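Contents: one structure, followed by commentary.
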Amino acid sequence: MFESLSSRFTSAFSSLRSRGKLSNADIENTCAEIRQALLESDVALSVVENFVAQIREQSLAVLPTLQSGSNQGQAIFNIVNAALIEILGGSARRIRFAKNPPTVIMLAGLQGAGKTTLAGKLAKFYADQGNTPLLVASDLQRPNAVTQLQIVGESIGVPVFAPEPGNGVGDPVKVAKSGIDFAKSKLYNMVIVDTAGRLGIDDDLMKQAISIRDAVNPDEILFVVDAMIGQDAVRTSQAFLDGVGFDGVVLTKLDGDARGGAALSIASITKRPIMFASTGEKIGDFDIFYPDRMASRILGMGDVATLAEQAKKAFDGESSAKLEAKFASGEDFTLEDFLEQLQAMSKMGSMSKILGMLPGAGAMKKQIENFDESEIVRTKAIVQSMTPTERRDPKVLNGSRRARIALGSGRKVSDVNNLVDRFSAAQKMMKQVRNGAMPAGMGAMGLPTMPKGPAKAVVHKKKSKSGNPAKRAIEDGQ
Amino acid sequence: MSLFSKFIAKVRGTNDFSAADWHELEEELLLSDLGPTLTKTVLEQARKIKSENANEALSHILTSTLSSKDRSMLLGETTTVIMVVGVNGTGKTTSVAKLAANIKKSGKSVVMAAGDTFRAAAVEQLQTWGSQIGVEVVAGKTNGDPASVAFDATKRAKELNSDFLIIDTAGRLHNKNDLMAELEKVKRVVEKVFPINETLLVIDATTGQNGLQQAKIFTEAVQTTGIILTKLDGSARGGVALAIENEVDIPIKWIGTGESVNDFAPFEPTNYIQGLLS
């Protein structure tokens with residue numbers, strides 16, 4: 001997500017940084033570039049104009065105070081970063097739990113924004129934290145919305161209150177109201193009310209949403225909005241704000257390549273925080289929205305915090321502790337460990353998703369998009385075709401063993417050779433690290449619980465070897 | 001005086017069109033989701049207008065950005081096969097049902113294939129529509145292979161000698177390569193029996209510039225032949241469709257304007273352009 005916006009920002013700032021002293025004209029140029037980039041990313045026009053005006057004013061004000069010789073481009077960059085975080089809503093906010101349960105959450109939004117799917121994700125998210133949510137099917141409009149919610153509820157093990165069949169039959173207000181009573185009597189501590197999708201300008205349906213709101217008196221009303229929405233974000237979010245009103249925003253379909261302009265527009269116009277982001281089709285593809293992380297991603301600074309968190313989840317404590325102990329005791333990092341790391345990496349998601357979170361990802365967008373995910377599968381196949389002895393000690397790999405491995409993994413002998421060569425290089429590098437010589441560029445990764453060597457080894461592997469001996473020497477020396 | 005009549009008065013030389021007015025015109029076009037690139041092109045052309053009939057000239061500029069391709073339905077020799085594709089939540093299933101109802105009304109026979117085996121209750125949603133409009137639905141198992149459902153439906157359409165077959169597909173984001181490959185498979189499998197005559201991409205009128213990307217990638221994968229522009233009854237004007245026609249050269253063929261089965265009509269360029277300017 002946001003790649004395109006971030007690559008535009010990256011290019012705007014790299015030209016700014018390359019200058020020593022900035023003039024007012026430089027600021028004007030940067031502002032024009034930011035304006036174009038934001039418009040292409042579907043940020044609402046009024047928000048763009050305000051944002052650019054604010055950047056221009058602050059930059060021009062700060063420019064005379066900057067000492068020549070200091071990095072002036074960086075100072076401007078900091079202004080933009082701060083402004084972005086401010087628009088996106090400062091720090092992340094969580095759901096406010098009611099003093100007297102159940103906590104009632106009502107969902108509202110346009111048709112097709114993803115409310116029903118989101119209801120399930122939200123329920124799962126809170127059920128995993130030990131809450132007892134109840135889903136209430138108040139979308140009686142769309143054909144089979146009730147069935148959809150029931151199926152979602154069943155798959156995540158969350159009960160669904162659905163007394164009416166839907167498809168135009170039944171009173172959604174009554175369903176919502178009795179859903180709350182049901183939750184109270186059965187001691188559920190959270191109720192999530194799914195409602196029918198409606199257009200911002202449809203008065204009748206907006207009135208119905210208001211009636212539901214008044215009947216259930218929700219603790220949080222969440223406005224669910226598609227990240228791909230265009231300039232209409234302004235009218236629609238304003239209409240919902242004036243109509244039923246809302247306390248927070250949930251962005252859906254953020255796993256697409258939408259440039260995320262909607263996030264900026266809605267947060268800026270409604271002054272309501274974006275609380276959650278939905279990032280995939282699976283029920284677990286859902287997370288709290290972090291404005292600072294999003295700002296740094298838009299600006300091409302990467303999202304190392306999220307990456308570290310995902311790494312923590314994927315690399316289970318035991319195996320990384322084992323690896324760390326091994327590493328510290330001076331034992332060699334073997335292909336067996338490497339295989340384990342590869343498997344953990346694939347648990348973290350696709351390589352392009354991981355790489356996309358690294359700083360500077362905007363600039364290498366093309367390479368990331370073209371990254372061949374099956375390369376990891378192939379590498380795994382080669383290692384898996386080795387015997388335990390071979391994995392522990394690659395030195396025993398003679399010609400006939402290599403031919404057998406190639407046959408077993410369906411790769412060429414040269415692929416096996418390549419892997420073994422690069423692995424030996426990585427192993428050598430690990431020894432250097434242990435002896436205190438940190439290879440360049442590795443310290444910056446700083447991922448907790450992820451042993452640094454293997455991650456680097458995987459990245460290292462992706463490079464093809466140069467045929468030029470001189471070049472190869474440089475590559476190997478890295 | 002409205003912005004456009006002001007603009008027209010300027011062209012006639014009876015009024016000044018100030019820099020602020022130009023800015024306002026730019027704003028209007030941007031707010032319609034035309035995108036910064038197309039907006040710039042349109043403005044440049046508008047500055048050159050010298051014709052007496054300025055209203056016509058301005059809508060001529062916008063009309064000229066439309067695709068010149070034929071907007072009528074592409075028909076097959078025996079059974080016309082239409083596949084409906086798009087990202088999640090644009091209204092594919094509803095559009096399939098509306099299109100089927102429209103075809104049935106014209107006296108032709110039609111079969112629908114419930115190819116969205118992924119989203120919970122999508123199959124039931126199409127079946128509910130099917131019984132409402134009296135059209136047969138071929139369905140498989142939830143989470144089954146969409147290609148196999150499509151194939152069964154194709155065989156059924158052949159058996160019934162049906163005039164039309166409309167295949168619903170699961171919503172997919174265009175940047176998910178595996179899901180796009182799945183769509184290509186559906187197409188391959190169906191084409192073992194009948195060629196697919198129309199591949200219609202459903203675009204939500206509220207979509208912004210991302211719609212362009214959707215059109216490009218879906219066209220690359222499954223050769224989109226037309227667009228269904230949905231949710232035009234809202235406050236969005238669907239200007240991104242103009243950007244798509246201009247850049248990717250795919251004609252809009254149908255529009256969806258509401259929840260009822262009759263809120264569906266062939267695309268009318270003149271009305272659409274007027275809607276953008278309103």
Side-chain angles (χ1 to χ4, degrees), chain A residues 1 4 35-46 48-49 110-117 120 141-152 154-155 167 197 199-202 226-236 239 252-253 255-259 261-262 280-281 369 373, chain B residues 26-28 30-37 39-40 87-94 97 118-129 132 142 170-179 204-214 217 230-231 233-240 258-259:
Chain A
M1 61 180 118
S4 185
R35 180 177 191 267
Q36 175 87 2
L38 291 175
L39 281 176
E40 273 173 17
S41 311
D42 289 320
V43 180
L45 187 62
S46 58
V48 174
E49 309 263 297
L110 292 176
Q111 289 117 331
K115 282 176 299 303
T116 306
T117 307
Q141 197 85 15
R142 181 164 60 87
N144 293 82
V146 174
T147 324
Q148 185 183 350
L149 194 66
Q150 279 168 329
I151 295 172
V152 169
E154 198 174 308
S155 73
N167 303 341
L199 293 166
I201 51 170
D202 186 332
D226 184 333
M228 291 181 286
I229 194 170
Q231 296 289 335
D232 192 51
V234 181
R235 272 165 293 197
T236 294
T252 60
K253 305 180 206 171
D255 50 328
D257 57 356
R259 296 157 182 183
E281 298 192 319
E369 266 172 13
E373 301 283 347
Chain B
E26 181 194 11
E27 221 164 72
E28 276 308 306
L30 283 173
L31 284 179
S32 305
D33 281 319
L34 251 62
T37 319
T39 297
K40 211 171 142 201
V87 302
N88 316 63
T90 50
K92 279 175 300 304
T93 306
T94 309
F118 182 82
R119 181 169 59 88
V123 172
E124 289 87 340
Q125 187 182 344
L126 194 65
Q127 280 167 334
T128 307
W129 275 118
Q132 261 178 38
T142 303
R172 64 202 72 225
L173 290 172
H174 46 289
N175 58 345
K176 301 273 168 78
N177 292 336
D178 47 340
L179 293 178
D204 182 334
T206 48
T207 308
Q209 296 310 299
N210 188 254
L212 262 179
Q213 210 54 25
Q214 294 172 19
I217 298 177
T230 59
K231 307 187 197 172
D233 48 332
S235 45
R237 294 178 215 157
V240 70
E259 291 178 1

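Keep in mind that what you see is a predicted model, and the values were worked out from it rather than measured. Lettering follows sequence order; numbering is per chain, from 1.
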Separation between [atom1] of [X] and [atom2] of [Y], rounded to the nearest 0.5 Å:
| X | Y | atom1 | atom2 | value |
| --- | --- | --- | --- | --- |
| B:L30 | A:S46 | CG | OG | 11.5 Å |
| A:M228 | B:Q213 | CE | CD | 12.0 Å |
| B:Q127 | A:T147 | CD | OG1 | 10.5 Å |
| B:L126 | A:N144 | CG | CG | 10.0 Å |
| A:D226 | B:T207 | CG | OG1 | 6.5 Å |
| A:Q111 | B:D204 | CD | CG | 9.0 Å |

Q. Are any non-hydrogen side-chain atoms of B:L179 and A:E281 less than 4.5 angstrom apart?
A. yes
On a heavy-atom basis, the closest approach of A:I151 and B:A121 is CD1-N, 3.6 Å
For A:L39 and B:Q209, the nearest pair of non-hydrogen atoms, with its separation, is O-CG, 4.4 Å
What's the verdict on side chain to side chain contact (heavy atoms under 4.5 Å, CB included) for A:D42 and B:D33, showing C-alpha distance, side-chain angles and the deciding distance?
-> CA-CA 8 Å; A:D42 289 320; B:D33 281 319; 4.2 Å; yes
Residue selection (most heavy-atom pairs with chain A, distance under 4.5 Å) from [options]:
| options | result |
| --- | --- |
| B:K176, B:Q132, B:R172 | B:K176 |
| B:G171, B:P36, B:G211 | B:P36 |
| B:V240, B:D233, B:T94 | B:D233 |

Honestly, the part of B:V87 sitting under 4.5 Å from a heavy atom of chain A is side chain
Honestly, the part of B:T90 sitting under 4.5 Å from a heavy atom of chain A is neither
Hits for side chain to side chain donor-acceptor pair (under 3.5 Å) against B:T93, two or more places apart or cross-chain, chain-then-number order -> B:D168
Honestly, the part of A:Q150 sitting under 4.5 Å from a heavy atom of chain B is neither
